[in-house]
Number of protein chains: 2
Amino acid sequence: MRYRRDDVVACALRVLDDHGLADLTMRRLAQELGVRPSALYHHFRDKQTLLAAVADEILVRGARPLPDGPWEERVRSACHSLRDACLAWTDGAEVVATARAFRLGAAAPYDELTGVMTHGGVEPRLAGTAARTLLHFVLGHVLEEQAHRQAGSAGAIASDPTAGDHTADFDSGLAMILAGLGVRTGL
Amino acid sequence: MRYRRDDVVACALRVLDDHGLADLTMRRLAQELGVRPSALYHHFRDKQTLLAAVADEILVRGARPLPDGPWEERVRSACHSLRDACLAWTDGAEVVATARAFRLGAAAPYDELTGVMTHGGVEPRLAGTAARTLLHFVLGHVLEEQAHRQAGSAGAIASDPTAGDHTADFDSGLAMILAGLGVRTGL
DNA sequence: ACCTGAACACCGTTCAAGT
DNA sequence: ACCTGAACACCGTTCAAGT
């Protein structure tokens with residue numbers, strides 16, 4: 001009796017990946033499910049809530065266990081895991097970032113990061129600031145990478161303007177933030 | 001003969017600040033200007049281009065000269081200037097971040113940051129990575145602050161959930177990134 | 001509980017035609 | 001050059017009514 005809701009989310013994920021966030025409308029989704037648009041409002045209060053559920057599902061499907069080791073390595077791994085989870089879906093970062101901004105979901109990465117850091121002995125207040133800083137970086141970086149990718153496929157920009165390896169740049173920025181955290185934590 | 005375009009941007013800024021980005025529609029803007037919606041397309045190719053012009057105007061109006069001093073202080077000042085420019089308008093960060101993502105404008109902060117750093121002796125490649133990392137942080141931070149503010153005024157959330165001083169948290173995160181950059185640059 | 005039918009109040013954009 | 005009139009192809013959401 002609860003399986004209908006999950007069907008809607010699964011279908012939304014398919015539409016998202018095939019056509020992008022702009023085409024993920026309530027009407028389009030309903031059509032894909034063979035149902036009237038108004039039927040969707042039996043499962044979700046509004047579109048925002050539905051997108052939050054999609055964001056959570058993106059994170060669940062991309063979840064990876066953290067490796068054992070020093071907390072800095074576990075933080076680095078969690079950030080890579082979040083990046084990969086977002087990159088796995090068209091406009092994935094935008095969906096997750098929006099859900100986070102509206103505080104309707106996507107809380108898992110924040111909780112995971114603060115958990116790893118406080119467990120590693122980082123003072124809670126600093127851990128919170130560091131986690132938010134890391135999340136701004138990760139989501140901002142993937143947002144830019146995906147926006148850039150879709151601009152390229154739209155034909156507005158030929159080839160690669162900033163060029164370069166996105167993963168290497170991500171590693172570099174992440175290392176910078178972790179080094180700064182290390183200074184404040186006595187690494 | 002060119003003043004009409006600026007009038008449209010000025011009016012858009014007013015609508016944005018009074019009613020938010022969601023209410024800044026082409027039809028609403030046209031109504032406010034006493035013109036038909038189709039007239040706007042004589043001045044801007046589409047809504048995205050208009051919003052990019054609004055983003056640039058937000059940055060121009062919030063521009064501040066950088067202080068003399070070590071480049072680290074100049075970078076810090078530039079980040080605060082960008083934050084204040086975005087905070088000065090309802091949904092300011094979202095407008096600027098979107099324009100940046102679509103590469104339709106809002107390039108000034110990136111150019112300013114990389115300029116300050118390379119002039120200060122930071123290797124160009126590292127300066128680019130640092131500038132993008134800083135921009136992800138600044139815009140992500142303000143985005144969260146403004147989304148949170150509007151959620152509060154919408155009545156969904158009573159008072160302040162994360163509580164705390166946004167400016168202090170901003171300073172803390174910014175200091176962390178700069179410390180990390182210092183490690184890689186031999187500060 | 002879950003869905004339909006039908007409506008309400010909107011969107012961005014195009015394009016021939018006017019001045 | 002700048003704008004109107006009119007249309008096209010859509011949106012999210014609500015709500016009485018059905019089963």
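Heavy-atom basis, side chains included; hydrogens, waters and symmetry copies ignored. Proteins get letters first, then strands, A, B, ... in listed order; numbering begins at 1 in each. Model, not experiment: these values are computed from the prediction.
- Heavy atoms from other residues, nucleotides or ligands lying under 6.0 Å from CG of A:Asp68 number 12 at most.
- D:dG12 atom C1' lies 13 Å from atom CG of A:Leu29, rounded to whole Å.
- For D:dC2, the OP1/OP2 oxygens have no side-chain nitrogen or oxygen of B:Arg36 closer than 4.0 Å.
- A donor-acceptor distance shorter than 3.5 angstrom exists from the side chain of A:Thr118 to the backbone of A:Gly115, with no hydrogens or angles considered.
- Residue B:Thr25 is the one, among B:Ala39 and B:Thr25, whose nearest nucleotide of DNA chain C lies closer to the 5' end (criterion: closest heavy atom).
- Between A:Pro37 and A:Arg27, the residue anchored nearer the 5' end of DNA chain C, judged by the nucleotide with its closest heavy atom, is A:Pro37.
- Each of A:Arg28 and A:Ser38 lies near DNA chain D, and the nucleotide nearest A:Arg28 is the one positioned closer to the 5' end.
- Counting to the nearest Å, the P atom of C:dC11 and the NZ atom of B:Lys47 are 9 Å from each other.
- For B:Asp7 and D:dC2, the CG to C1' distance is 14 Å, given to the nearest whole Å.
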Pair assignment for DNA chain D - dot-bracket with | for other-strand partners, Watson-Crick or G-U under 3.5 Å:
||.|||||...|||||.||
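- Side-chain nitrogen and oxygen atoms of B:His43 include at least one within less than 4.0 Å of the OP1 or OP2 phosphate oxygen of D:dC3.
- Computed from coordinates, the A:Leu40 CG to D:dC15 C1' distance equals 16 Å when rounded to whole Å.
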Would you be so kind as to tabulate the donor-acceptor pairs closer than 3.5 Å made by side chains of residues 27-39 of chain B, with sequence neighbours excluded?
{"residue": "B:Arg28", "atom": "NE", "partner": "B:Glu32", "partner atom": "OE1", "Å": "3.3"}
{"residue": "B:Arg28", "atom": "NH2", "partner": "B:His19", "partner atom": "NE2", "Å": "3.0"}

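- In this structure, A:Met26 places its CE atom 7 Å from P of D:dG12, rounding to the nearest Å.
- Residues A:Leu24 and B:Val35 both approach DNA chain D. Their nearest nucleotides, taken by heavy-atom distance, put B:Val35 toward the 5′ side.
- Using C1' as the reference atom, C:dC2 and D:dA17 are 13 Å apart when rounded to the nearest Å.
- For B:Arg61, the CZ atom is densely surrounded, since the number of other residues' heavy atoms within 6.0 Å is greater than 12.
- Between the CG atom of A:Asp23 and the P atom of D:dG12 there is a distance of 11 Å, rounded to whole Å.
- The separation between A:Tyr41 atom OH and D:dT13 atom P is 4 Å, rounded to whole Å.
- For B:Gln146 (side chain) and B:Gly92 (main-chain N/O), a donor-acceptor pair under 3.5 Å exists by modelled atom type.
- At a threshold of 4.5 Å between side-chain heavy atoms, the hydrophobic network of Ile, Leu, Val, Met, Phe, Trp and Tyr places B:Ile58 and B:Leu143 in two separate groups.
- As a whole-Å value, the separation of B:Phe44 CZ from D:dC3 C1' is 16 Å.
- Spacing between D:dC11 and C:dC8 at atom C1', rounded to whole Å, works out to 12 Å.
- Nearest nucleotide to the B:His42 side chain, out of C:dG5, C:dG12, D:dC2: D:dC2.
- Note on ring orientation: taking the six-membered ring where Trp is involved, the planes of A:Phe170 and A:Phe137 are parallel (angle under 30°, cut-offs 30° and 60°).
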